[in-house]
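Just below is one structure, and these are the notes that go with it.
First listed ligand is number 1; within each ligand, the first listed atom is number 1. On a predicted model such as this, the values are computed, not experimentally measured, just so you know.
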Amino acid sequence: SALSVASVLAGRIPLDEVVTLKGWVRTRRDSKAGFSFLAVSDGSCFDNVQIVAPNTLANYTTEVLQLTTGCAVACTGKLVRSQGKGQAIEMQADAVEVIGWVEHPDTYPVSPKQHTFEYLREVAHLRPRTNTFGAVTRVRHALAMAAHQFFHDNGFFWIHTPIVTASDAEGAGAMFRVSTLDIANLPKTGDGRIDFSKDFFGKPTFLTVSGQLNVETYCLALSKVYTFGPTFRAEQSFTPRHLAEFWMIEPEIAFADLSADADLAEAFLKHLFRSLLDSRQDDMKFFAERIDKDCITRLEKFVESSFERITYTDAVKLLEQSGRKFEFPVKWGLDLQAEHERYITEHIGRPVVVMNYPKDIKAFYMRLNDDEKTVAAMDVLAPGIGEIIGGSQREDRLDVLDQRLDAQHLDKNAYSWYRDLRRYGSVPHAGFGLGFERTIQYATGMANIRDVIPFPRSPGNADF
Ligand code: 4AD
Ligand code: MG
């Protein structure tokens with residue numbers, strides 16, 4: 001198999017060795033001195049490798065001079081120290097083999113000119129060829145690996161929770177239905193309702209909104225666990241921070257309260273960003289130069305700061321005393337909006353954990369505090385973007401959980417397996433969910449969440 005451009009440019013291959021590199025042509029430049037310079041990318045790192053192709057190659061006129069952006073090539077030759085500036089190592093090619101031509105180069109959808117991100121979403125199958133999407137993809141991978149590494153090193157087990165479920169984990173009713181029934185000809189019961197007993201699973205089923213309830217069952221057996229998978233929300237949210245399909249990382253720890261949960265969130269986020277800064281210097285330099293000049297300093301500051309913890313009640317006081325005019329009202333009992341969260345982090349100047357929210361605006365599974373007005377919930381707010389983590393200590397008392405299910409008009413029978421955990425060796429436990437795409441946005445400065453996931457799913461868009 002061919003070597004990667006990354007290993008060559010990192011200097012891991014001895015000079016003067018004859019090697020083969022395979023990739024896609026970014027640009028071709030022909031010099032009068034009898035050479036063509038090809039910039040070739042295989043996506044393994046940010047930089048292209050420069051291939052010097054002499055006009056003595058047998059296919060120089062017939063093929064090399066016909067190469068355009070996007071053509072796939074295999075180049076064989078000696079690695080040498082580069083004379084030109086911009087790269088340390090280049091290849092003097094003895095052979096340039098064309099593996100795949102680009103039909104009609106003038107219609108190649110991702111030519112080297114600058115394209116808008118909106119346009120690139122329409123060619124989502126080819127946008128990974130661009131600098132930005134290559135960089136996003138490598139950063140996404142680096143953060144995913146860092147997450148798994150953190151949990152593995154700290155004794156957590158990765159639990160593969162189901163995608164199809166009958167339970168609404170957030171109790172918010174924002175679920176996509178999964179069904180094999182013929183919608184043009186639905187089976188009906190005697191009283192005219194849809195007969196879901198005829199459906200594939202014998203009952204209504206949905207795409208999961210969160211792996212939390214399932215991962216809690218493993219937490220109360222293996223103590224430290226996490227999920228990392230796709231989750232689905234059928235919310236009509238047309239914002240640059242919402243997707244209908246997004247990935248979430250959800251750790252869950254037993255014998256733990258909200259404070260331990262906040263400790264975990266802080267250690268975890270810092271590990272992610274420290275690891276990214278170390279492993280993807282090339283891509284982060286690109287984001288700092290072209291997308292968001294503050295992204296590297298923001299992460300450096302983040303990993304060095306200690307998180308501030310405040311209660312929801314104090315956060316509301318802070319907002320009320322700010323003298324700011326907000327678009328949305330600030331009042332004890334109302335949820336914090338993005339503008340409020342932004343004010344809080346800017347005012348405090350470092351990541352903030354807001355704790356103990358009013359029970360009526362939070363999910364049924366959060367543990368009721370002694371004041372009986374608030375629950376042991378936390379949101380971690382990152383300077384500049386607001387909520388990236390939502391978490392809580394879970395209600396571990398069956399009688400209180402049942403009251404909360406009733407208060408939110410949820411069917412206790414539908415949660416019977418979840419309630420069982422509170423009947424057989426219940427323990428205090430807590431966890432959180434990190435929105436993976438929001439994390440990538442925060443790290444890179446990419447403004448729109450649709451541009452940090454390979455194939456975005458949002459209202460009206462499920463192409464590719
Ligand atoms: O606050 P959320 O809804 O919490 C849960 O789902 C809990 N079950 C987590 C847990 O305690 N295990 O979502 C968690 C995070 C949010 O902070 C946000 O970063 C992200 O998921 N998120 C979304 N990201 C993209 N698009 C959406 N529609 C999102 N909704 C939530
Ligand atoms: Mg939330």
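In terms of polar-atom proximity, defined here as any N/O pair under 3.5 Å, Ser392 makes no such contact with ligand 1. On a distance-only criterion, Ile388 and ligand 1 share at least one N/O pair closer than 3.5 Å.
Ion pairing between Arg280 and Asp282 holds under the 4.0 Å rule for side-chain N and carboxylate O. Ion pairing between Arg397 and Asp399 fails under the 4.0 Å rule for side-chain N and carboxylate O. A salt bridge links Lys362 and Asp379; the closest N-O separation between the charged side-chain nitrogens and carboxylate oxygens is under 4.0 Å.
At least one heavy atom of Arg241 sits under 4.0 Å from some atom of ligand 1. Using 4.0 Å as the threshold, Gly391 has a heavy atom nearer than that to some atom of ligand 1.
Near Glu235, with a cut-off below 4.0 Å to any heavy atom, the atoms of ligand 1 are 28 (N). Shown in contact with Met248 at under 4.0 Å from a heavy atom are these atoms of ligand 1, numbered in order with element: 6 (O), 13 (O), 14 (C), 15 (C), 21 (O). Heavy-atom contacts of Ile449 reach the following atoms of ligand 1: 25 (C) (cutoff under 4.0 Å). Per-residue contacts place Tyr365 under 4.0 angstrom from the following atoms of ligand 1 (heavy atoms of the residue considered): 7 (C), 8 (N). Ligand-side atoms of ligand 1 in range of Glu387: 1 (O), 16 (C), 17 (O), range being under 4.0 angstrom from any heavy atom.
Remark: the Ser210 side chain and the Glu250 side chain contain an N/O donor-acceptor pair separated by less than 3.5 Å.
Residue Phe436 forms a ring-ring contact (aromatic ring centres under 6.0 Å, His included) with just one option from Phe228, Tyr442, Trp247, and that option is Phe228.
In the displayed structure, Asp191 atom CG is contacted under 6.0 Å by more than 12 heavy atoms of other residues, nucleotides or ligands. Counting non-hydrogen atoms of other residues, nucleotides and ligands closer than 6.0 Å to CD of Glu346 gives a total above 12.
Only the side chain of Arg394 comes within 4.0 Å of ligand 1, judged by heavy-atom distances. Under 4.0 angstrom from ligand 1, the non-hydrogen atoms of His242 come from both its backbone and its side chain.
Protein N/O/S atoms closer than 2.8 Å to the Mg ion (ligand 2): Glu387 OE2.
Nearest to atom 24 (N) of ligand 1 by heavy atom, out of Tyr442, Phe246, Phe232, is Phe246.
In this structure, the side chain to side chain donor-acceptor pair (under 3.5 Å) partners of Ser458, at least two apart in sequence or on a different chain, are Arg450.
Residues Lys359 and Lys373 fail the side-chain proximity criterion, which asks for heavy atoms closer than 4.5 Å.
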